[in-house]
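Everything quoted here is computed from the prediction, not taken from an experiment.
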Amino acid sequence: QVQLVESGGGLVQAGGSLTLSCAASGRTFRTSSMGWFRQAPGKEREIVAAISWSGDSTDYTDSVKGRFTIWRDNDKDTVYLQMSSLKPEDTAVYYCAAGRYSGIALSTSAYNYWGQGTQVAVSS
């Protein structure tokens, strides 16, 4: 099993930056792909960024490409999401998730462990 705890959310003005962290516990973290998802009120949960077990492969949803960066530190069992040039439409609860497989995955169904989420609010 993997337990995930997100932190780093908050309120920021448009154009600002935040870095989210997701601390993991459990033996499978280092061999699992990881993802950041978000869910805005009234909307479905969507993938934001994903990273393979080694960190060599990453992918992003189009709306955050060039603004967000995902990386992981397997020595610290932590995955990060740096968010820059934030927009009001980035407002959502952000979740990290551990994948069922080691390779990068973009679908919700490919993830089987979820954190409790951290709120990100971007004011205009």
Side-chain angles (χ1 to χ4, degrees):
Q1 271 198 332
V2 177
Q3 291 80 44
L4 304 169
V5 179
E6 301 98 334
S7 61
L11 174 64
V12 64
Q13 288 188 331
S17 300
L18 281 175
T19 298
L20 306 183
S21 300
C22 174
S25 61
R27 293 184 298 172
T28 61
F29 171 81
R30 299 182 184 188
T31 59
S32 299
S33 60
M34 296 294 295
W36 283 98
F37 291 76
R38 66 186 179 188
Q39 188 167 19
K43 295 188 177 181
E44 293 187 353
R45 190 171 298 188
E46 64 171 351
I47 184 77
V48 175
I51 189 167
S52 62
W53 73 275
S54 64
D56 289 346
S57 296
T58 59
D59 203 355
Y60 302 87
T61 192
D62 286 345
S63 62
V64 307
K65 284 181 179 177
R67 300 190 298 122
F68 290 12
T69 302
I70 186 172
W71 77 97
R72 65 191 296 164
D73 186 335
N74 283 349
D75 290 337
K76 295 183 178 179
D77 290 343
T78 303
V79 62
Y80 304 90
L81 183 69
Q82 182 179 24
M83 306 183 294
S84 302
S85 302
L86 283 162
K87 305 175 181 179
E89 51 264 43
D90 294 318
T91 295
V93 177
Y94 283 70
Y95 300 89
C96 73
R100 301 177 187 272
Y101 314 109
S102 59
I104 199 168
L106 300 179
S107 65
T108 305
S109 62
Y111 293 81
N112 54 348
Y113 295 107
W114 296 82
Q116 82 289 349
T118 185
Q119 177 72 53
V120 171
V122 183
S123 62
S124 57

Visitor: Is Lys43 atom NZ crowded by more than 12 heavy atoms from other residues, nucleotides or ligands, each under 6.0 Å away?
Guide: no
Visitor: For residues Asn74 and Asp77, report the shortest heavy-atom separation together with the two atoms involved.
Guide: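 Here Asn74 and Asp77 meet closest at O-OD1, 3.0 Å.
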Visitor: Applying side chain to side chain donor-acceptor pair (under 3.5 Å), name anything that partners Arg100, two or more places apart in sequence or on another chain.
Guide: none
Visitor: Specify the closest pair of heavy atoms between Thr91 and Gln119, including all atoms of both residues, with the distance to one decimal.
Guide: CG2-NE2, 4.1 Å
Visitor: Measuring from atom CZ of Phe68 to atom OG of Ser63, what distance do you get when rounded to the nearest 0.5 angstrom?
Guide: 7.5 Å
Visitor: I'd like to check Leu20 versus Tyr95 (side-chain heavy atoms, cut-off strictly below 4.5 Å). Are they in contact?
Guide: no
Visitor: In terms of hydrophobic clusters joined by side-chain contacts under 4.5 Å, are Tyr60 and Trp53 together?
Guide: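 No.
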Visitor: How far apart are the closest heavy atoms of Gly117 and Val93, and which atoms are they?
Guide: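 Where Gly117 meets Val93 most closely, the heavy atoms are CA-CG1, 3.8 Å.
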Visitor: Sub-3.5 Å donor-acceptor pair from the side chain of Ser33 to the main-chain atoms of Tyr101, do we have one?
Guide: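 Yes; at least one donor-acceptor contact below 3.5 Å.
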Visitor: Is a donor on one side and an acceptor on the other found under 3.5 Å between the side chain of Ser52 and the backbone of Ser57?
Guide: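 Checking the backbone N and O of Ser57 against the side chain of Ser52, a donor-acceptor pair under 3.5 Å is found.
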Visitor: Do Met34 and Tyr80 sit in one hydrophobic cluster, given that two such residues count as connected whenever their side-chain heavy atoms are within less than 4.5 Å of each other, even indirectly?
Guide: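 Different hydrophobic clusters.
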Visitor: Once ring-ring contact (aromatic ring centres under 6.0 Å, His included) is applied, do any residues pair with Trp114, and if so which ones, sequence neighbours excluded?
Guide: Phe37
Visitor: Cation-pi between Arg72 and Phe29: NZ/CZ under 6.0 Å from ring centre and within 45° of the ring axis?
Guide: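 Output yes; distance and angle both within limits.
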Visitor: Return the minimal non-hydrogen interatomic distance between Thr78 and Ala23, and the atom names on each side.
Guide: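 Thr78 and Ala23 have their closest heavy atoms at OG1-CA, 4.1 Å.
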Visitor: Looking only at heavy atoms, which two atoms of Ala110 and Ala105 are closest? And how far apart?
Guide: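 It is CB-CB, 3.5 Å.
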Visitor: Could you list the residues that satisfy side chain to side chain contact (heavy atoms under 4.5 Å, CB included) with Ala50, not counting sequence neighbours?
Guide: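 Counting only residues at least two positions away or on another chain, Ala50 forms a side chain to side chain contact (heavy atoms under 4.5 Å, CB included) with Ile47, Ile104, Leu106, Tyr111.
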Visitor: Would you call Thr118 and Arg38 a side-chain contact if the rule is heavy atoms closer than 4.5 Å?
Guide: no
Visitor: Kindly give the heavy-atom pair with the smallest separation between Pro88 and Ser124, and that separation in Å.
Guide: CG-CB, 3.8 Å
Visitor: As an exercise, state the distance from CH2 of Trp36 to CD1 of Ile51, rounded to the nearest 0.5 Å.
Guide: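 These two atoms lie 11.5 Å from each other.
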Visitor: Start with the C-alpha distance between Asp90 and Lys87, add both sets of side-chain angles, then the distance that settles salt bridge (charged side-chain N to carboxylate O under 4.0 Å, His left out), and finish with yes or no.
Guide: CA-CA 5 Å; Asp90 294 318; Lys87 305 175 181 179; over 6 Å; no
Visitor: Out of Leu86, Leu81, Leu11, which residue meets the side-chain contact (heavy atoms from CB on, under 4.5 Å) rule with Leu18?
Guide: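 For Leu18, the side-chain contact (heavy atoms from CB on, under 4.5 Å) test succeeds with only one of Leu86, Leu81, Leu11, which is Leu86.
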Visitor: Is there a side-chain contact between Glu6 and Gln116 in this structure, where contact means two heavy atoms from C-beta onward sitting under 4.5 Å apart?
Guide: yes
